[in-house]
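Written out below as structure tokens is the structure these notes cover.
Order of the sequence lines fixes the chain letters, A, B, ..., with proteins taken first and strands second; residue numbering starts at 1 for each chain.
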Amino acid sequence: MYDVVIIGSGPAGYTAALYTSRAFLKTVLFTGIQIGGQLTTTTDVDNYPGFPKGIDGTQLMMDMKVQVERFGTEVVSDTISNIQSSIPNTEKQKAFVLKGEKGIYEAKTVIVATGATAMYLGLPSENMFAGKGVSACATCDGFFFRGKEVVVVGGGDTAMEEATFLTKFATKVTIIHRRDEFRASAIMLDRAKKDPKISFLLNKEIIEIYGDPVVQGLKLKSGEDIKTDGVFLAIGHRPNTDFLKNVVELDAKGYVVTKKNTETSMLGIFAAGDCVDHRYRQAIVAAGQGCMAAMDAEKYLEEQK
Amino acid sequence: MVGIIFTDANFDAEVTQSSIPTLVDFWATWCGPCRVQGPIVEEVAVAMEGKAKVGKIDVDQNPATAQKYGIMSIPTLLIFKSGQVVKQFVGVQSKDTLVGELQRLS
């Protein structure tokens, strides 16, 4: 039986683990599929304080892992698919049973820090081209589009950042956005607009991606056919909370609803990071919330004694 | 590191002519998820020692092989058996997934 199970290996999860293991609570952290979380798909992180020259996102996450292991957190590569509250509370202490791919785990408290995942358009043709021209990670895959033409889908900061990054490789980058206004910040949008390699197609919706065996183009709802070698998706994120549907209260978009501080609707389950926060979505905010969840869990365990 | 470094030069001898199933991890230094995958692949190499060959190929240094196999996203992991690609994974894979697939094939 663990004192604390932490689900997720981004800044929220690792910070929570740092605090609970330093408080001598028996802690295990399950990494999930995307080990290290969303920061591993970025390049330099320049807005996490303490690194005056910036730090590589993957390096930051690898360092966080080493740091929590130093204090005794077990970091396990498993993905939790189910949480159940232990059968009627006959015992004094409530407990949770978590089901992973590799085993069943028991814990007195759970901190959910599962973050969010890049959204796809939901087109059947899109899955077919995973690894064949459709990508949600420009920093990983931009390299393969040297001298080619690509499309970036979206209108937020991520879309602008990816488009700007891709101009290093591609001869032409077209941003396709389904509206004519942008969520992107003024500075990011301005940079993209000034780039001679970037052009915009606004008020356009993609209905199909085609090609054989790799992406060759896409079709728009308006009837146009756009030739392209690659489609990079930057249309936002959805919280990784499907497995929590019948466990804790989620809002309409699937984010975990926190009541008081980091407490969820289920006593003993706490939540932190991008699975809760759709407003800030920053590594430093996630880390801060991870710390809060750890302290809330610690206090809860203290009160149960 | 544990495992083999594959290159454009040794790919035929080490991979396509290999007598046992061979796992190839296509990666690059600048790809974050690849650096998450790297240590996992090394664990797979240890677990499968003698039963399967496991190694990495840097797509930056070895563009010909990456191009030949149509790699457009990394990490991509290919499993070769008798010179043919028998399994392709795109994106970071767990040790269990990779070991499981290699065991099934060996």
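Neither the backbone nor the side chain of S135(A) has a heavy atom closer than 4.5 Å to any heavy atom of chain B. Looking at Q59(A), both its backbone and its side chain come within 4.5 Å of chain B, counting heavy atoms on both sides. Using a 4.5 Å cut-off between heavy atoms, D78(A) makes no contact with chain B at all. Heavy atoms closer than 4.5 Å to chain B are found in the side chain of V214(A), but not in its backbone. Only the side chain of M62(A) comes within contact range of chain B, judged by heavy atoms closer than 4.5 Å.
Of the residues considered (V59(B), I40(B), T97(B)), V59(B) shows the highest number of contacts with chain A, using heavy-atom pairs under 4.5 Å. Per-residue heavy-atom pair counts under 4.5 Å with chain B were compared for T31(A), T139(A), D56(A), and the maximum is reached by D56(A).
Separating the CE atom in M61(A) from the CZ atom in R35(B) is a distance of 12.5 Å, to the nearest 0.5 Å. Rounded to the nearest 0.5 Å, atoms CG (D96(B)) and CD (E101(A)) are 8.0 Å apart.
Minimum interatomic distance between P33(B) and T41(A) (heavy atoms only, all atoms of both residues): CG-CG2, 4.0 Å. The two atoms that bring D141(A) and I74(B) nearest to each other are OD1-N, 3.0 Å, heavy atoms only. In terms of heavy-atom proximity, S94(B) sits nearest to S77(A) at CB-OG, 4.4 Å.
Enclosure of atom CD in E161(A) is not indicated, since only 12 or fewer non-hydrogen atoms of other residues, nucleotides or ligands lie within 6.0 angstrom. Enclosure of atom NZ in K53(B) by more than 12 non-hydrogen atoms of other residues, nucleotides or ligands within 6.0 angstrom is indicated. Heavy atoms of other residues, nucleotides or ligands lying less than 6.0 angstrom from CD of E69(A) number more than 12. Residue-environment remark: NZ (K197(A)) exceeds the threshold of 12 foreign heavy atoms within 6.0 Å.
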| request: Begin from the C-alpha positions of F144(A) and Q67(B) and carry the test side chain to side chain contact (heavy atoms under 4.5 Å, CB included) through to its verdict. | output: CA-CA 9 Å; F144(A) 300 102; Q67(B) 198 174 1; over 6 Å; no
| Given the rule in the side chain to side chain contact (heavy atoms under 4.5 Å, CB included) test, do V92(B) and I33(A) qualify, once you have shown the distances and angles that lead to the verdict? | CA-CA 7 Å; V92(B) 176; I33(A) 321 162; 6.0 Å; no
